[in-house]
**Student:** 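Have a look at the structure that comes next, please.
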Amino acid sequence: MSQFDANDAAHMARALELAARGLTTTDPNPRVGCVVARGATVVGEGWHQRAGGPHAEVFALREAGELARGATAYVTLEPCNHHGRTPPCVDALIAAGVSRVVHAQQDPHPLVNGAGAARLAAAGILVEGGLMDSAARALNAGFLSRMERQRPWVRVKLAASLDGRTALADGESRWITGDAARLDVQHLRARSSAVLTGIGTVLRDDPRLDVRLPDTERQPLRVVLDPALRTPASARILGLPGRVLVLCREDALGASAALEHVGVEVEAVPTDGGRLSLPAVLARLCAREVNELHVEAGPVVAGAFITAGLVDELVVYMAPVLLGPDARPLAALPALAGMHERIGLELVDARRVGEDLRMTLRPRAVWS
């Protein structure tokens with residue numbers, strides 16, 4: 001029999017809704033929501049709005065005031081118990097006099113990871129966890145990946161024709177999908193810590209890869225994989241607000257001055273078979289507190305991530321058009337010796353976006 005009742009479920013569902021309001025603004029922190037309630041009655045709500053600002057519990061307790069004493073606090077992530085840019089949330093909960101804290105998920109951050117719950121319990125507060133854990137994990141897949149696997153959650157976005165082609169043979173690809181699909185991609189970029197592409201895409205398409213939504217508060221880090229450092233200083237991806245990181249081979253660093261002059265960060269990463277090592281790239285981005293990595297690149301880079309087993313999620317926008325056999329493929333993958341080598345994917349979502357179909361897929365062995 002579940003330890004949680006209908007009130008618990010309703011309040012945690014609301015806390016998760018609140019947490020989602022910080023989808024594009026809390027990076028590199030997790031998205032967290034909090035509801036303070038007395039039985040069925042909500043007396044305070046809050047969510048973490050941006051890194052460096054008050055946490056969700058603080059906002060909810062402020063709204064609840066004296067009504068927090070003896071109430072239950074529902075939090076989507078275990079309250080923190082350490083000083084970062086803000087004081088520990090456990091101190092605020094203890095001082096407010098709540099009698100019970102329910103959290104959806106334990107915080108894997110090494111400075112928390114059960115210690116927040118233990119601190120609350122030591123203060124005489126009943127602590128219960130695990131309510132709607134799966135939903136909480138989905139909301140913070142990137143943060144959890146960085147804490148638990150020491151690498152970002154990798155999302156690869158592709159736009160393809162019905163016959164699985166991403167561009168004509170000469171590289172022309174504007175536009176396979178419609179306006180609605182391209183707007184939808186803006187929301188994927190906005191929630192990401194970083195947007196990554198390859199030098200081939202930069203030279204061929206000269207993309208911006210920024211977020212162009214109204215009221216955008218934060219631009220993700222833009223990353224270019226450029227082994228030989230061929231990115232021109234005039235590239236559009238460089239001349240926009242926000243940080244740009246170009247990753248290259250060690251022997252190419254001598255040509256970095258022109259890019260650094262226009263404010264680009266250039267770093268060398270190890271190579272693997274002549275290409276930049278993708279695990280090394282992810283480790284470098286993890287060190288920069290990248291939670292969600294959004295990959296928008298050509299078939300070579302997309303195929304390299306897939307082949308290396310480093311893709312957590314594929315988002316494919318399929319347009320109702322045909323480009324023919326000479327057009328470029330969805331991803332450059334090695335030839336298979338047989339069907340036993342095929343890459344299995346699980347379709348987790350499919351929906352129409354304008355005239356196109358958006359499919360979200362995950363490798364069957366994906367971490368979760």
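The residues of the chain are indexed from 1 along the displayed sequence. Bear in mind that the values here come from a model prediction, so they are computed numbers and not experimental data.
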**Student:** Strictly below 4.0 Å, N to O, side chains only: are R358 and D349 in salt-bridge contact?
**Tutor:** yes
**Student:** Is the shortest side-chain heavy-atom distance between M132 and L16 below 4.5 Å?
**Tutor:** yes
**Student:** Answer yes if V195 and V315 sit in the same cluster of Ile, Leu, Val, Met, Phe, Trp and Tyr residues linked by side chain heavy atoms under 4.5 Å apart, and no otherwise.
**Tutor:** no
**Student:** Any Lys/Arg nitrogen of D210 or R208 sitting under 4.0 Å from an Asp/Glu carboxylate oxygen of the other?
**Tutor:** yes
**Student:** Listed by chain and number, what are the side-chain hydrogen bond (donor to acceptor under 3.5 Å, both in side chains) partners of R31, not counting sequence neighbours?
**Tutor:** E292
**Student:** Which pairs with one or both residues in residues 22-77 pass ring-ring contact (aromatic ring centres under 6.0 Å, His included), sequence neighbours excluded?
**Tutor:** H11-Y74, H48-H55
**Student:** Please enumerate all residues that pass side-chain hydrogen bond (donor to acceptor under 3.5 Å, both in side chains) together with R218, with sequence neighbours excluded.
**Tutor:** none
**Student:** Identify all side-chain donor-acceptor contacts of residues 196-207 below 3.5 Å with residues at least two apart in sequence or on another chain.
**Tutor:**
{"from": "T197", "atom 1": "OG1", "to": "E296", "atom 2": "O", "distance (Å)": "2.7"}
{"from": "T201", "atom 1": "OG1", "to": "G298", "atom 2": "N", "distance (Å)": "3.3"}
{"from": "D206", "atom 1": "OD1", "to": "R236", "atom 2": "N", "distance (Å)": "2.9"}

**Student:** Using a 3.5 Å cut-off and no angle test, enumerate the donor-acceptor pairs between side-chain atoms of residues 112-126 and protein atoms at least two apart in sequence or in another chain.
**Tutor:**
{"from": "N113", "atom 1": "OD1", "to": "Q106", "atom 2": "NE2", "distance (Å)": "2.8"}
{"from": "R119", "atom 1": "NH1", "to": "D91", "atom 2": "OD1", "distance (Å)": "3.3"}
{"from": "R119", "atom 1": "NH2", "to": "D91", "atom 2": "OD1", "distance (Å)": "2.6"}

**Student:** Output all residues satisfying side-chain hydrogen bond (donor to acceptor under 3.5 Å, both in side chains) with Q150, sequence neighbours left out; order by chain, then residue number.
**Tutor:** none
**Student:** Does this structure show an ion pair linking R137 with E148, if we count only N-O contacts that are shorter than 4.0 Å?
**Tutor:** yes
**Student:** Report the C-alpha separation of E313 and R362 in whole Å, then their side-chain angles, then the decisive distance to 0.1 Å, and conclude whether the salt bridge (charged side-chain N to carboxylate O under 4.0 Å, His left out) test is met.
**Tutor:** CA-CA 5 Å; E313 187 171 85; R362 293 180 184 170; 2.9 Å; yes
**Student:** Taking R151 first and then D312, would you say they form a salt bridge - that is, a charged N and a carboxylate O separated by under 4.0 Å?
**Tutor:** yes
**Student:** Decide whether R149 and S145 meet the rule of one side-chain donor and one side-chain acceptor closer than 3.5 Å.
**Tutor:** yes
**Student:** Checking A319 now: which residues fulfil side-chain contact (heavy atoms from CB on, under 4.5 Å) with it, not counting sequence neighbours?
**Tutor:** I176, T177, V321, D356
**Student:** Applying side-chain hydrogen bond (donor to acceptor under 3.5 Å, both in side chains), can you list everything that pairs with D251, at least two apart in sequence or on another chain?
**Tutor:** R249
**Student:** Can you run down the ring-ring contact (aromatic ring centres under 6.0 Å, His included) pairs that involve residues 290-344, sequence neighbours left out, and say none if there aren't any?
**Tutor:** none
**Student:** Output every pair passing salt bridge (Lys or Arg N to Asp or Glu O under 4.0 Å) with a member in residues 52-63, not counting sequence neighbours, ordered by first then second residue.
**Tutor:** none
**Student:** Looking at L278, V246, V300, V295, which hits side chain to side chain contact (heavy atoms under 4.5 Å, CB included) with L225?
**Tutor:** L278
**Student:** Hey, any chance V269 and L285 share a hydrophobic cluster, counting ILVMFWY side chains that come within less than 4.5 Å of each other, even indirectly?
**Tutor:** yes
**Student:** Can you sort out the partners of H103 under ring pair (Phe, Tyr, Trp, His ring centres under 6.0 Å), two or more places apart, ordered by chain and number?
**Tutor:** none
**Student:** May I ask you to decide if A304's main-chain N or O and T307's side chain share a donor-acceptor pair within less than 3.5 Å?
**Tutor:** no
**Student:** Can you tell me if N140 uses its side chain to pair, donor with acceptor, with the backbone of L144 under 3.5 Å?
**Tutor:** no
**Student:** Within the distance-only criterion (no hydrogens, no angle test), does the side chain of S193 pair as donor or acceptor with the backbone N or O of L293 below 3.5 angstrom?
**Tutor:** no
**Student:** Would you verify whether the NZ or CZ of R146 falls within 45 degrees of the ring axis of W153 while also being under 6.0 Å from that six-membered ring's centre?
**Tutor:** no
**Student:** Got a sec, which pairs hit salt bridge (Lys or Arg N to Asp or Glu O under 4.0 Å) with one end in residues 100-115, sequence neighbours left out?
**Tutor:** D8-R100, R100-E128
**Student:** Can you tell me how far apart CG (L23) and CZ (R21) are? Round to the nearest 0.5 Å.
**Tutor:** 13.0 Å
